[in-house]
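A short worksheet on the structure shown next.
A note on names: the letters A, B, ... follow the listed sequences, proteins ahead of strands, and every chain is numbered from 1. If you're wondering where the values come from, they're calculated on a predicted model, not measured in any experiment.
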Amino acid sequence: MHLSWQWLLTITSAFSITQAHANSWNMPVGVTDISQDIFGLHMAIFWVCVVIGVIVFGVMFYSLFKYRHSKGEKAANFHEHTSVEILWTAIPILILVGMAVPATATLKSMYDSSEADLDVMITGQQWRWRYEYLGEDVAFTSNMSTSRAQIRGEEARDEHYLLDVDEPLVLPINRKVRFLMTSDDVIHSWWVPELAVKQDTIPGFINENWVKINEPGIYRGQCAELCGVNHGFMPVVVHAMEEEEFEAWLAERKEAAEQEAMGVDREWEMEDLMARGETVYQTICSSCHQSEGQGAPPAFPALANNNQLISDLDWHMNRVINGVSGAAMPAFRSTLNPVEIAAVVTYTRNAWGNETGDVVQPATVAERIAQ
Amino acid sequence: MAPKLPPQHSLQHSSTAAAGGHSHHDHAAQPKGILRWVLTTNHKEIGSLYLIFSLTMFFVGGIFALVVRAELFQPGLQLIEPEFFNQMTTMHGLIMVFAAVMPAFTGLANWMIPLQIGAPDMALPRLNNFSFWLLPVAFTLLLSTLLMPGGGPNFGWTFYAPLSTTYAPASTTFFILALHIAGISSILGAINIIATILNMRAPGMRMMDMPLFVWTWLITAFLLIAVMPVLAGVITMMLMDINFGTSFFDAAGGGDPVLFQHLFWFFGHPEVYIMILPAFGIVSAIIPTFARKPLFGYASMVYATAAIALLSFLVWAHHMFIVGLPLTAELFFMYSTMLIAVPTGVKVFNWVTTLFRGSISFEPPMLFALAFVVLFTIGGFSGLMLAIAPADFQYHDTYFVVAHFHYVLVPGAIFAIMAGVYYWLPKWTGYYPNERLAQCHFWCSIVGVNLTFFPMHFAGLAGMPRRIPDYALQFADFNMLSSIGAFFFGASQLMFVLVVVMCVRGGKKAPAKAWEGAEDLEWSVPSPAPLHTFETPPVFNRTHHHD
Amino acid sequence: MAVNDTVQSLGVKRTVIRTVAALIGMFAFAFALVPLYDVFCSVTGLNGKVDTTAKAIIHEEVDQSRYITVQFITRGSAGLPWRMSVETRQMRVHPGQTAEVDFTFTNNSHVESWGRAVPSVSPSSATTHLRKVSCFCFQEQQLQGDERLTIPLIFQLARDLPEDINTITLVYTLYPVHHLVKDISKNDNKTIGDSI
Amino acid sequence: MWSVVKSVLSALLGVQNDLKRQQDFSSGNPAAFIVVGIVITLVFVLILVGIAVIASR
């Protein structure tokens, strides 16, 4: 049974590898051993269905054609035949057992996440992904970078429409990477078809999965579980690179994080904060509070001309740093650094007619986050 | 001695059976006009009410689907905002499941079960009236949430917590209330059906003499009794989480969002069978009629239905293969799900073998029944593919799943309902439905259904997640085809309304036995069936025409 | 006829009583599934849901031949201005060995509030083999403004931990507890329309 | 008793001949079928769990 399955796998993948990349009709073969196994299973069960379908529908359409009343056909009168019935129960059971064996084997290898070389924590958040390289002090959020103008059709849509992010997850090839997955709010599902990883991220709970990528490249996917308004705008991009290249990237990111940390202590000019703040606002905040701060009440309140926000700096900072429990407003203390928080608070307090003149320094924010 | 098959029988008419019951004491002072319909306790009138309600809701749910398809016609956001899009997908699902498919089957049950078992009415006529009138209340309430501040339910018809609890719009409490009322209606309907079937059969009719439609509905009613309370429990827990500070499904308070899914699918999977088992019954009545040959394997059919119903309680977590179940659980649910294909396959084989060496004609009910067999089987195949857990990691929550369950529900459940309507319209109205228009309706529906749902398989395999208001460019062609198909299918259904309306008003006269090969008890009463039938129980004889 | 009718209506009555009893039973069963699910989870480790009751140390021989890496991850959540940190992000222990690690809770605001740390273990098959001797999981903690509190977690890995597990991840997520700060939190949640 | 078990087993597969069915339904004791049905379902679940446990080793 196992042999015949291997055989099926070989022809089916030979079938599709020729058209693997241009193929937008079928499941991708993918770039991991697991994804290729899954593709084999998929094609095997598909052909089993096709064969059964041809036989059953063949008999059916033959009967419809042959035994027409209009041709004066007289009906027979049999209505049971135990041995035939036993036969057509037994054969499907055997076929199913034949499918269950390779499926079990694949499933078992998917569940074996031991001996990983790298751990990445993936956190779903309405509506972005956060990636943390555990033990490496590198962490960032990944937001969709397709512009609103493209979605509204005001601009030409580019090739990776809705599937582009500002910061892809970077992974090394040929190394076993373990994913730990959770969520800050509702259930999301992290999915990259070419890696054959689809796993729910569940608030308060941790899920595990792993991947070992065989080929460098850029692999795109999306959130697969309905998670609210912007469920459709939460892409996943994985950039798989050679191991040395990955090490270099990681070192660079660490250095950049240190640079950023030094920025906390210096005194910032309002202009710089505003410029930085606008970038942060447009990538992080505008998906809910809209690009001009007009919001989308009642779910997403307006920030422009918001009296409470204008009058109460402390309240405003608390909102951004600690979030609102049970609402889409996350606690940004763990996902943005003090410079970014200071910048975005300064920006929202001085943009769209919110002319408070307040300048919030990163040092003040840092003090509030970690005392 | 050849084995005997039960649903072939003749009937000794008691002299009053067909005479109608105008003089019956219960109905002496019958209200007139609209009140007559509001207060009716007659199973035929209530059956009609159910069917009219469900047809109306079919169009309401259909319009929601068309709003969704219109937005998905092209990439980008053109017509509606994502927030409203989510409300539309949710409402489409809820309305179609709870207000269109389920009440349609209940309506058919109300009309046909008493006629098929030789009972004068349902066992509990006043309860019957009450359970119908709960439905318009429930769904008016549900639809009104769309107008509430914050909008209606926007979390999908599966309403996974915590999206439907902590993060839900304010109207969710009303959504829960509406679902409670609809659930009570279903439960009362189920009690009534069980009580009717078990106690009201004509003298001499044993369980195994009942037509398959009665059998499948009996099993469905037991499923309803078993799982609707679980749904009621789940939404009650949601209500408590939202309003009373409990945390059944909230991790923050020590609850578990995954528990919600376990409970929901413990209800939800049998619910899927609730929507398909009566369809099996209808098709099992129509195919022998138009093949002029007894149903192959009547006993197997009954047993397979029971086996499917039983297995449906053991497979719920196949909807949850990607929530992070332990390996053992994953394997258990994969195996049990694969096994459910066996009794389902037996049914398909039985239908095909019934056709084999028959004498087949192609009236509209038969066309829909044959389309059911083929397209339901295709839905079954994709179901089998989805059962393979590792492959499901790729299929899960994509358009492949959308294609799968629409193949099972649209050309499955809904085609079976339409087949049933065409089959029994002569009995209800006394006239045959317009043949040419019905044929046209059929062929347009076939084209529409396949054009709508077949490309969804490809979109899903190519990686399109479900429930997204906008999509990447590589899915554009599939979506455009689907949208064109959806509008075509939707428009074709207007023909159905036309056929029904025309048939009520007149047409070719139908005799008591409207179809040559029809054998069940309902064909022994005149067409149209008088308001009161079988007031004196008929004597049921098991004889066998074909021996 | 009349006799027949009474027989029939008795039958109907009996059927109705039985189905209603079954209904009530199923409704109760749905609620019973909640504790049953917890029991099921703690027996099988389903979903990495951790048993909340402290266990006694079982003195068993330490398995020197294996090292297990235990990772600790702490996470905050929206609405609670606390920080939770752990003295070490990962440690290596032998099965059977008792280990201790300190967790520190810091309230970054100037007002008192309540929080609760919810644990989750991955892989879920390790859950039942992780014995917590003392733990703050699920317990509500109160912190005054600017207060800092250190609580140890003492745990032991059972010797019968499956062979293929060599890394265990223990994640704590801090959630706000609303019952005492209800007024503030209500405001926080319900006025989003006119504020943030 | 054995006949009841056999009937329930064939019901599980959805295969049954008419003669046997006639016998079943004339035996007139549905309780036996229900009890045997429940027992066999439990046994079936246990077997399936067993297979899953063994397979996941």
Side-chain angles (χ1 to χ4, degrees), chain A residues 24-27 38 41-42 45 49 53 56-57 59-60 63-64 67-69 73-77 79-80 85 88-89 92-93 96 99-100 103-104 106-107 110-111 151-153 157 161-163 186-187 189 193 196 198-200 202-204 207 222 224-226 228-232 298 326, chain B residues 5 75-77 82-83 149-150 156 160 162-163 166-167 251 257-258 292-297 300 322-324 327 330-331 335 338 342 345-346 348-349 352 355-361 374 381 384-385 388-391 393-394 396-397 458 461-463 465 467-470 472-474 546:
Chain A
S24 58
W25 291 67
N26 201 353
M27 183 189 285
I38 288 179
L41 282 172
H42 159 67
I45 186 77
C49 290
V56 172
F57 297 149
V59 173
M60 182 174 167
S63 306
L64 292 183
Y67 305 112
R68 271 173 296 165
H69 186 61
E73 200 67 39
K74 286 276 170 292
N77 189 35
H79 47 66
E80 64 173 31
E85 291 184 50
W88 74 33
T89 313
I93 291 179
L96 291 177
M99 280 311 301
T104 305
T106 305
L107 203 57
M110 293 173 89
Y111 267 73
I151 294 172
R152 298 285 160 194
R157 301 191 172 101
Y161 174 67
L162 297 184
L163 298 180
V186 300
I187 300 176
S189 190
K198 185 189 282 148
Q199 188 84 62
D200 282 353
I202 299 164
N207 260 336
Q222 279 175 277
E225 180 66 63
L226 177 63
V229 186
N230 290 329
H231 163 55
Chain B
L5 201 79
L77 293 178
E83 176 58 33
Y160 281 3
L163 188 63
T166 319
Y167 295 84
V258 176
R292 295 166 179 79
K293 180 163 165 281
L295 181 69
F296 186 86
S300 317
I322 64 161
V323 297
L327 180 58
E330 203 99 347
L331 289 172
Y335 298 155
M338 288 166 84
V342 175
V346 164
V348 175
F349 299 149
V352 172
L355 293 170
F356 185 71
R357 294 184 55 204
S359 171
I360 303 164
S361 57
V374 175
F381 284 146
L384 187 56
M385 295 173 78
I388 311 288
F393 273 68
Q394 292 280 43
H396 191 98
D397 268 331
F458 300 123
L461 290 175
R467 293 167 168 167
I468 53 173
D470 190 7
L473 301 178
Q474 66 262 37
H546 296 281

### Under 4.5 Å from any heavy atom of chain B - which part of M110(A)
side chain

### Summary
Okay, F349(B) and chain A: the region with an atom under 4.5 Å from a heavy atom over there is both

### side chain to side chain contact (heavy atoms under 4.5 Å, CB included) between N26(A) and F458(B), intermediate numbers included
CA-CA 6 Å; N26(A) 201 353; F458(B) 300 123; over 6 Å; no

### Summary
Ranking V348(B), D397(B), L331(B) by heavy-atom pairs under 4.5 Å to chain A gives rank one to D397(B)

### NE2-OG distance between H69(A) and S359(B), expressed to the nearest 0.5 angstrom
5.0 Å

#### Entry: Minimum heavy-atom distance between F296(B) and W88(A), given as atom pair plus value
CE2-CH2, 3.5 Å

### Query
Using a distance-only test with no angle check, is there a side-chain donor-acceptor pair under 3.5 angstrom linking E225(A) and Y160(B)?
no

### Query
Is it the backbone or the side chain of Y111(A) that comes under 4.5 Å from a heavy atom of chain B, or both, or neither?
side chain

#### Entry: Side-chain heavy atoms of L461(B) within contact of H42(A), under 4.5 Å
yes

### Message
If you compare all heavy atoms of M27(A) against all heavy atoms of A391(B), which two are closest, and at what distance to 0.1 Å?
### Response
CE-O, 4.4 Å

### Between S361(B), P162(B), A389(B), P469(B), the one whose heavy-atom pairs under 4.5 Å with chain A are most numerous
P162(B)

## Note on the structure
Heavy-atom nearest pair, V323(B) first then N207(A), reads O-ND2, 3.0 Å

### Distance-only polar pair, side chains of E85(A) and S300(B), donor-acceptor under 3.5 Å
yes

### Task
Among the options P92(A), P193(A), G204(A), S189(A), pick out the one with the most heavy-atom pairs lying under 4.5 Å from chain B.
P193(A)

### More than 12 heavy atoms of other groups within 6.0 Å of R357(B) CZ
no

### Query
Taking every heavy-atom pair that is under 4.5 Å apart, which of L64(A), L163(A), N230(A), I187(A) has the most such pairs with chain B?
L64(A)

### Task
Report the option among G76(B), P257(B), P390(B), G463(B) that has the most heavy-atom pairs separated by less than 4.5 Å from atoms of chain A.
P390(B)

### Query
When only pairs under 4.5 Å are counted, which of I468(B), I322(B), V352(B) shares the most heavy-atom pairs with chain A?
I322(B)

### Query
Top residue by heavy-atom pair count (under 4.5 Å) with chain B, among P203(A), C49(A), G53(A), A224(A)?
C49(A)

### Query
Any idea which heavy atoms bring Y67(A) and G358(B) closest together, and the distance?
CB-O, 3.1 Å

### Query
Donor-acceptor pair, D470(B) side chain versus G232(A) backbone, under 3.5 Å?
no

### Summary
Interatomic distance, CG@L107(A) vs CD@E330(B), rounded to 0.5 Å, equals 5.0 Å

### Task
Write down the atom of Q222(A), the atom of P465(B), and the distance for their closest heavy-atom approach.
OE1-CD, 3.2 Å

### Message
Below 30° counts as parallel, above 60° as perpendicular, anything between as tilted: where do the rings of F57(A) and F381(B) land?
### Response
perpendicular

### Query
Checking L96(A) against chain B: side chain, backbone, both or neither under 4.5 Å from a heavy atom?
both

### Largest heavy-atom contact set with chain A, pairs under 4.5 Å, which of L473(B), L384(B), T166(B), I388(B)
L473(B)

### Message
Tell me whether K198(A) contacts the main-chain N or O of Q394(B) through its side chain, where contact means a donor paired with an acceptor under 3.5 Å.
### Response
yes

### Summary
d(D200(A) CG, H396(B) NE2) to nearest 0.5 Å is 6.0 Å

## Note on the structure
Smallest heavy-atom separation, A75(A) atom then R292(B) atom, equals CB-O, 3.0 Å

### Query
Considering only heavy atoms, which portion of L355(B) lies under 4.5 Å from any heavy atom of chain A: side chain, backbone, both, or neither?
both

